[in-house]
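Here is the structure we will look at.
Here is how names work: the chains are called A, B, and so on, in the same order as the sequence lines, proteins then strands, and each is numbered from 1. It should be emphasised that the depicted structure is a prediction, and the values quoted were computed from it without experimental measurement.
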2 protein chains.
Amino acid sequence: MSRSTVSRAFTRPDLLKPETVEKVLAKAQTLGYVPNKVARALSTGQNGVIALIVPDIANPFFPPLIRAAQVDADRQDFCVLLGDSAENPAQESRLITRFTPQVDGLVLAASRLDDAALAEHARRRPVVLINRDVPGMPRVLTDSHTGFMQAIAHLAELGHEHLAYVGGPPGAWSDHQRRRGIAAARTDHGMTLTTFQAEPATYDGGKATVEAILASGATAVLAYDDVVAHGVLAGLTEHGVRVPEDMSVVGCDDVFAATTYPPLTTISLRCAEAGEIAVSVLLDLVAGRSVGDVRHSLDSHLIVRATTGPVPRA
Amino acid sequence: MSRSTVSRAFTRPDLLKPETVEKVLAKAQTLGYVPNKVARALSTGQNGVIALIVPDIANPFFPPLIRAAQVDADRQDFCVLLGDSAENPAQESRLITRFTPQVDGLVLAASRLDDAALAEHARRRPVVLINRDVPGMPRVLTDSHTGFMQAIAHLAELGHEHLAYVGGPPGAWSDHQRRRGIAAARTDHGMTLTTFQAEPATYDGGKATVEAILASGATAVLAYDDVVAHGVLAGLTEHGVRVPEDMSVVGCDDVFAATTYPPLTTISLRCAEAGEIAVSVLLDLVAGRSVGDVRHSLDSHLIVRATTGPVPRA
DNA sequence: CTGTTAGCGCCTTCAT
DNA sequence: ATGAAGGCGCTAACAG
């Protein structure tokens with residue numbers, strides 16, 4: 001049996017007698033034979049590999065996204081090359097350049113690169129953005145807007161009048177988006193808003209803002225994400241402030257909010273779906289199946305758990 | 001000028017007259033020529049890629065490990081192909097087979113495969129195991145033994161006499177290891193031990209064991225990992241049991257124990273280091289730099305935070 | 001030092 | 001429906 005037949009059994013089974021195909025596949029199974037993608041890539045120009053670059057693998061927002069991306073890519077017979085940019089634009093650019101020759105396309109999550117650099121890289125290979133809104137580039141966004149609207153309505157109902165927002169990484173699309181959404185919603189409800197900055201946007205950064213929050217007189221805090229929210233919770237507790245009796249706290253992401261104690265009221269973002277969709281769009285692009293200005297916006301919603309309550313009586 | 005000369009100008013410039021090298025590089029520059037890594041890989045068999053397969057990317061134990069592995073690989077100019085086996089041996093085997101032709105080696109974390117299958121795969125490419133102890137195969141282990149010894153001594157000192165262990169995935173090396181260590185240590189301290197099973201080894205699984213734990217009369221629970229521990233905490237709270245006043249809880253992994261509230265007393269495993277070391281060993285193997293029966297055991301230690309306290313008075 | 005000759009493993013025309 | 005032949009771009013022998 002010639003190599004051509006084997007090759008066809010894998011790539012164009014329709015050109016072969018079904019029983020032949022089956023025979024080849026069976027034999028391959030027992031032999032543990034798998035077509036070599038590298039060799040195939042050389043001849044077709046398609047490597048069957050995509051890259052996924054995130055700012056920080058260990059940030060709990062990303063693992064579900066990464067997993068979904070990997071699973072979805074695998075389903076379409078693609079592998080994923082993972083890169084961690086350490087929140088560093090230079091490192092991110094270096095990784096992209098390094099990956100580009102050996103992948104068919106890239107997914108860039110929460111890219112720290114500027115629009116021009118992004119466009120430049122996108123000229124060499126198809127690129128799909130996650131949580132970065134650059135017109136003209138395919139992008140999927142976990143939109144926190146609805147969730148924050150609901151959170152603020154929820155807090156308004158509980159009688160809160162003064163909110164604090166603890167912001168995340170300056171320049172991040174997701175932080176901008178939250179700031180804008182919150183500003184709009186609190187106006188609708190005639191609430192006061194004071195904003196702070198978790199520096200860095202981590203547990204410790206969140207914790208460090210607590211003193212300032214307390215001084216501001218806010219009775220409810222909206223955090224950039226669940227990690228920051230937990231930092232705030234810890235800081236509050238250290239200051240003897242009870243949650244939710246004395247202060248309400250709302251997180252964002254819903255990545256581990258449910259699996260910690262106390263259960264955090266938070267905004268659920270569809271982060272896994274974002275990974276999945278980004279991969280689907282990218283593979284459509286790679287296969288030349290898609291066109292147009294793709295802008296996938298995934299909505300969010302508030303999940304009330306145990307860290308929000310009525311405003312304390314002054 | 002022949003292709004060989006050009007090739008050498010990039011890979012073995014020391015074999016060429018310096019001016020020739022310079023001439024080639026200059027021409028390449030103006031032509032925008034870059035050596036094709038894929039083609040090179042096909043001919044050399046060195047792709048500059050390694051695979052990392054984990055049972056569940058979103059299990060908080062793995063992201064730090066994955067990140068460390070990626071960073072270390074990158075430092076040595078390797079890329080990492082990530083795979084999620086979904087805790088499924090068949091899926092794991094499929095991924096390995098699929099990745100094998102296009103990588104120079106693999107790191108298998110917490111593999112669910114049996115020894116024979118592992119050995120079989122290792123014959124095709126260098127393989128390094130994490131948290132799987134197969135004699136003859138290079139392996140790095142996050143050894144929880146010391147940590148559990150310390151935890152049990154700590155609990156003994158607090159007056160506890162009856163322990164509960166909430167076990168993890170049956171068959172997992174890490175669960176065996178914990179069971180053995182705990183069994184030995186509790187004997188040393190003359191304590192009673194009752195074991196339970198978190199089914200599955202998740203937050204919900206941990207929560208579901210609480211009723212049985214309460215019925216057993218244990219006053220302190222050791223959990224398979226931090227996720228299960230948090231499930232136990234939540235279940236305890238739902239039953240009106242206070243921690244640590246009425247019940248002490250110890251987790252394991254120290255992956256997000258510090259960034260939640262209340263801070264969990266837990267056993268700190270060096271999981272990031274495990275990823276880093278595994279990659280180093282693998283790349284040594286790939287480069288033919290290493291030999292012998294590598295068995296890297298990384299010790300652990302107890303970190304006392306806020307979920308352990310004196311035994312309640314009967 | 002540099003050119004020549006074979007492949008790496010696969011896919012894709014051609015033939016048959 | 002299958003086999004045969006050439007080439008993807010590069011590197012590793014082996015000459016010279």
Side-chain angles (χ1 to χ4, degrees), chain A residues 1-49 76-79 97-105 124-125 286-288, chain B residues 1-51 77-79 81 96-106 123-126 286-288:
Chain A
M1 172 162 311
S2 84
R3 319 117 160 311
S4 323
T5 308
V6 178
S7 168
R8 282 190 271 256
F10 283 92
T11 49
R12 305 290 311 272
D14 52 303
L15 295 182
L16 255 37
K17 206 174 1 181
E19 59 183 67
T20 311
V21 175
E22 204 161 327
K23 201 157 50 176
V24 173
L25 262 36
K27 197 77 189 175
Q29 184 74 9
T30 71
L31 258 50
Y33 168 88
V34 197
N36 183 323
K37 295 214 168 212
V38 178
R40 174 182 299 180
L42 185 57
S43 112
T44 61
Q46 296 258 330
N47 326 53
V49 181
Q76 303 193 46
D77 226 52
F78 274 73
C79 302
T97 306
R98 196 154 141 33
F99 288 168
T100 291
Q102 49 199 310
V103 301
D104 298 327
R124 308 171 78 71
R125 285 285 186 282
V286 166
Chain B
M1 171 157 315
S2 83
R3 321 110 153 316
S4 319
T5 307
V6 178
S7 169
R8 284 192 270 257
F10 283 93
T11 50
R12 308 289 312 269
D14 51 303
L15 295 182
L16 257 36
K17 209 178 350 183
E19 60 184 71
T20 312
V21 176
E22 204 160 329
K23 203 156 50 177
V24 173
L25 262 35
K27 198 77 188 178
Q29 185 75 8
T30 70
L31 256 49
Y33 168 86
V34 197
N36 182 324
K37 290 206 170 214
V38 178
R40 174 182 301 181
L42 185 56
S43 133
T44 59
Q46 296 261 328
N47 340 49
V49 181
I50 60 174
D77 228 53
F78 274 74
C79 304
L81 226 42
I96 296 174
T97 307
R98 197 153 139 31
F99 287 168
T100 292
Q102 51 200 307
V103 301
D104 299 328
L106 327 252
R123 289 209 331 234
R124 307 167 82 69
R125 285 283 186 282
V286 167

Atom-pair distance (CG on B:Asn47; C1' on D:dC10), nearest Å: 14 Å
Any donor-acceptor N/O pair, B:Arg98 side chain to A:Asp77 backbone, under 3.5 Å: yes
Over 12 non-hydrogen atoms of neighbours within 6.0 angstrom of CD in A:Gln46: yes
Sugar-phosphate, base or nothing in reach of B:Pro101, heavy atoms under 4.0 Å: nothing
side-chain N/O A:Arg3 vs C:dC10 OP1/OP2, d < 4.0 Å: no
Closest listed nucleotide, where the reference is the side chain of B:Thr44 and the choices are C:dC1, C:dG9, D:dA12: D:dA12
Closest to side chain of A:Thr5, choosing from D:dG3, C:dG9, C:dT2: D:dG3
Atom-pair distance (CG on B:Leu42; C1' on C:dC10), nearest Å: 8 Å
Given C:dT12, C:dC10, C:dT5, the nucleotide with the shortest approach to the side chain of B:Ser4: C:dT5
Nearest-nucleotide pick for B:Leu16, side chain only, options being D:dC10, D:dC8, C:dT2: C:dT2
Trace of the side-chain contact (heavy atoms from CB on, under 4.5 Å) decision for B:Asn47 with B:Phe78: CA-CA 8 Å; B:Asn47 340 49; B:Phe78 274 74; over 6 Å; no
Sugar-phosphate, base or nothing in reach of B:Arg8, heavy atoms under 4.0 Å: base
d(NZ, A:Lys17; P, D:dG3) in whole Å: 10 Å
5'-most by nearest nucleotide on DNA chain C - B:Leu15 or B:Ala39: B:Leu15
Closest-nucleotide 5' rank along DNA chain C - winner of B:Pro18 and A:Phe10: B:Pro18
Nucleotide C:dT12, atom P - distance to CG of A:Asp14 in whole Å: 12 Å
Given C:dG3, D:dC10, C:dC11, the nucleotide with the shortest approach to the side chain of B:Ser2: C:dG3
Min side-chain heavy-atom separation B:Ser2-B:Thr5 under 4.5 Å: yes
Shortest side-chain distance from A:Thr11, nucleotide among C:dC11, D:dT11, C:dT2: C:dC11
Rounded distance in Å - CZ (A:Arg12) to C1' (C:dT13): 12 Å
Integer-rounded Å distance: D:dC10 P and B:Gln46 CD: 17 Å
Donor-acceptor pair, side chain of A:Arg8 and main chain of A:Leu15, under 3.5 angstrom: no
Protein-nucleotide distance (B:Asn36, atom CG; D:dG9, atom C1'), rounded to Å: 6 Å
